[in-house]
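Single-structure report; data block below.
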Number of protein chains: 2
Amino acid sequence: MDTITIKDIARALNLSTSTVSRALRDSYEINPETKRLVTEYAERFNYRPNSIALSLKENRSRVIGVIVPQIANNYFSQAINGIEAIAYSRGYYVIIFQSHESYEREIATVQQAVARKVDGLLISLSSSTSDVTHLRELQDRKLPIVLFDRVSKDLDTTFVTADNFGGAFAATEHLIQTGRRRIAHLTIPPYISITQERLAGYRAALEKYGIPYDEKLIQYTEFGQNDVEPFVDALLDQSPDAFFTASDRLAIGCLAALKKRAISIPETVSLIGFTNTPVADLLAPPMSTVEQPALEIGQMAAEQLINQIEGKQTGTQPGRITIPTRMIVRASSERTPAPHPLREQSSL
Amino acid sequence: MDTITIKDIARALNLSTSTVSRALRDSYEINPETKRLVTEYAERFNYRPNSIALSLKENRSRVIGVIVPQIANNYFSQAINGIEAIAYSRGYYVIIFQSHESYEREIATVQQAVARKVDGLLISLSSSTSDVTHLRELQDRKLPIVLFDRVSKDLDTTFVTADNFGGAFAATEHLIQTGRRRIAHLTIPPYISITQERLAGYRAALEKYGIPYDEKLIQYTEFGQNDVEPFVDALLDQSPDAFFTASDRLAIGCLAALKKRAISIPETVSLIGFTNTPVADLLAPPMSTVEQPALEIGQMAAEQLINQIEGKQTGTQPGRITIPTRMIVRASSERTPAPHPLREQSSL
DNA sequence: TTGTAGGCGTTATCAT
DNA sequence: ATGATAACGCCTACAA
């Protein structure tokens, strides 16, 4: 692509490159007339500083790398949206990488990001990542890293996550309060952080109401695999009276499976998912949801990372930042009044 | 971030930088022993060439810029997915920019992309862009540009779009063949290319079956504005017997509005949208859809752009590439047999 | 087989 | 007030 450089301007105006540079950078002591000449010429020929040369000189790229399991996903695309908003407002660009839920690809991708000279890394771990030494090494080499959503406690950085525990607790409690007691939980792979947090929230709610935890009511599915029917079948064998699913995809898959089996959803099942889709209103019955604050998570993560890059210590880091979730109740078929929670009972 | 350079290796091994460079690049005539030494050292200290320095030298960044109206959008995130797949496989990275449906931001964003030294640009125009001189200028300066989805005939490049005409035609024809005659069309802003193509497909189908075109059955909505209810109301005044909507968002909004008004959708309205969501099965009644080949459009666009960047003339360019759409019929309530198409009648 | 020098675009430092 | 020079990391003629 045809571009004009400082050199071109210098040649055209019979000046040295340093003078031109000074004129453009609005530096001290420069002849106003010279400056006018230079800026006018630059304007006219649409001069733009070569950011690559600048990066080389300043040893930084003003680019932050974002690594997500996949882009074409409601949650992550919203998070990226939040990341971009903050990044752009602070003068950074965003390069996006996908790990495709693969540990190997995550490693390769992180390498590429580093080779690309990103100033920092924003990562949501792939579902098959348990070992994070590839990230710890980079940290040791002083690369700023912030994790979001799918985090690992083995890494000593800032984490930004949704309040998965609280969200799952609220969802489960809502189901209990509308009279369900055998709440099936259809969830994602057990070895990622959010799964465990959500399970803990689910169990805590059961415990609060004195409902025994039955692990046969839990089914773990893989990502990428769209066929949730067998898992739903396995859960149906346990005669549940509600479903609590851990994602949009699972919620939709679950509803589809129930519909296919002509199980009268409105009467027997309340379904709550972590979701962002506005279609929840249109399903029959409407699906209550726990909304993931994807945008805010992205914004917060970006802000933390850029602070770290620019050496602004926020005081409390490295630490964990939790963004609240919001529950939207859409199910209308209440059954019995809520049983009195056992724990509160005994503490009163 | 701590990094090792060729210089460091040269110093450590008492060699010149050029020798090290040659050794690493597997260049001709080099002492095998020296080479071994260098590669081993590089391996051990995890040497990675500085891509910024390379970009400066080679005067190209191996980055392609993608400008979309918004990322957090099913369609565009899938398209980006396709773009990335191709780009990465051919050694390019992707920087994503959002125009937020604003002409001004699109211009600013294009400038940033250029300043960032992208090797080429992949653009889906903002809905408020009618003038494309900002792009034509760049083209004149030899920047490879490929448009996808939202294109403009005022620009002399490769376009990649879905078969909007064909998709709209198929949708409308399907509605006609299931007995509808007053088909409302709820669509997006009139001044973007895809709107016109879809409208043309709609009209062509009406014409084929001798149904008069009634412009009161057409309503244009803005992007970003989630409230489609007034538009649905305006259409309902025309007592339509079907809806053909131009996007997911409109389809969902339309269904929601109908539901709110307790209009018995299953009996009176078939709704067909351009969509990608798998929830269509779960709506009542299930919504037939014309699927947008977002992934393929992204892939094709990226391929075209990279060919252009690398100077591989594909022979036929600049031209228009159309990716077929696929219709999925989910509506089950057939009414009357299809009326015999007038045009075919007269031509037989 | 290896080293030297120059250049990609920019800016900071040190002359003049 | 302006110019010359060096440096960021890498590669490649050209020289040795």
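Every chain is numbered from 1 and lettered A, B, ... according to where its sequence line falls, protein lines coming before strand lines.
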Next item on the list: Could you check how far CG of B:Leu13 sits from P of C:dT2, rounded to whole Å?
Entry: 11 Å

Next item on the list: Hey, which sits more toward the 5' end of DNA chain C by its nearest nucleotide, A:Ile4 or B:Pro32?
Entry: B:Pro32

Next item on the list: Ignoring backbone atoms, test whether B:Tyr47 places a side-chain nitrogen or oxygen under 4.0 Å from the OP1 or OP2 oxygen of D:dC10.
Entry: yes

Check: Quick check: are there more than 12 heavy atoms from other residues, nucleotides or ligands sitting under 6.0 Å from CD of B:Glu43?
Finding: no

Margin query: Under a 4.0 Å threshold between the charged nitrogen and the carboxylate oxygen, would B:Arg60 count as salt-bridged to B:Glu310?
Written below: no

Next item on the list: Return the orientation label for the A:Phe97 and B:Tyr93 ring planes: parallel under 30°, perpendicular over 60°, tilted otherwise.
Entry: perpendicular

Check: Among the nucleotides D:dT12, C:dT13, C:dT10, which one has an atom lying closest to any side-chain atom of B:Ser18?
Finding: D:dT12

Next item on the list: Calculate the interatomic distance between B:Leu24 atom CG and D:dC11 atom P; express it in whole Å.
Entry: 8 Å

Next item on the list: Look at the aromatic rings of A:His134 and A:Tyr103 and report parallel, tilted or perpendicular, splitting at 30° and 60°.
Entry: perpendicular

Next item on the list: Send over the distance from B:Arg25 CZ to D:dA13 P, rounded to a whole Å.
Entry: 12 Å

Item checked: Separation of atom CD in A:Glu58 from atom C1' in D:dG9, rounded to whole Å -> 15 Å

Next item on the list: Answer yes or no: does a side-chain N or O of B:Ser16 lie under 4.0 Å from OP1 or OP2 of C:dG3?
Entry: yes

Next item on the list: Specify the separation, in whole Å, of atom CG of B:Leu54 and atom P of D:dC11.
Entry: 5 Å

Notebook entry, point to check: Counting any heavy atom closer than 4.0 Å, what does A:Asn14 reach on the DNA or RNA strands: base, sugar-phosphate only, or nothing?
Noted result: sugar-phosphate

Checklist line | Any donor-acceptor N/O pair under 3.5 Å between C:dG3 base and B:Arg22 side chain | finding: yes

Checklist line | For atom NZ of B:Lys7 and atom P of D:dG9, their distance in whole Å | finding: 6 Å

Next item on the list: Could you state the atom-to-atom distance from CZ of B:Arg11 to C1' of C:dT2 in whole Å?
Entry: 19 Å

Notebook entry, point to check: Using a cut-off of 4.0 Å on non-hydrogen atoms, how would the nucleic acid contact of B:Ser55 be classed: base, sugar-phosphate, or nothing?
Noted result: nothing

Notebook entry, point to check: So does A:Asn31 get a side-chain nitrogen or oxygen closer than 4.0 Å to the phosphate oxygens (OP1/OP2) of D:dT2?
Noted result: yes

Next item on the list: Check every strand shown and say whether A:Leu15 touches a base, only sugar-phosphate, or nothing at a heavy-atom separation below 4.0 Å.
Entry: sugar-phosphate

Next item on the list: Whole angstrom is fine here: how far is it from NZ in A:Lys57 over to C1' in C:dA12?
Entry: 6 Å

Checklist line | Exam field: side chain A:Asn307 to backbone A:Gln304, donor-acceptor pair closer than 3.5 Å | finding: no

Next item on the list: Under 4.0 Å between any heavy atoms, over every strand shown, what does A:Asn50 touch: base, sugar-phosphate, or nothing? Just pick one.
Entry: sugar-phosphate

Checklist line | Step-by-step side chain to side chain contact (heavy atoms under 4.5 Å, CB included) determination, B:Ser61 to B:Ser55 | finding: CA-CA 5 Å; B:Ser61 59; B:Ser55 290; 4.3 Å; yes

Next item on the list: Could you check which of C:dT2, D:dC11, C:dT11 has an atom nearest any side-chain atom of A:Ile6?
Entry: C:dT11

Notebook entry, point to check: Does A:Ser21 have a side-chain nitrogen or oxygen under 4.0 Å from the phosphate oxygens OP1 or OP2 of C:dT11?
Noted result: yes

Check: Among D:dC11, C:dT10, C:dG3, which nucleotide sits nearest the side chain of B:Thr19?
Finding: C:dG3

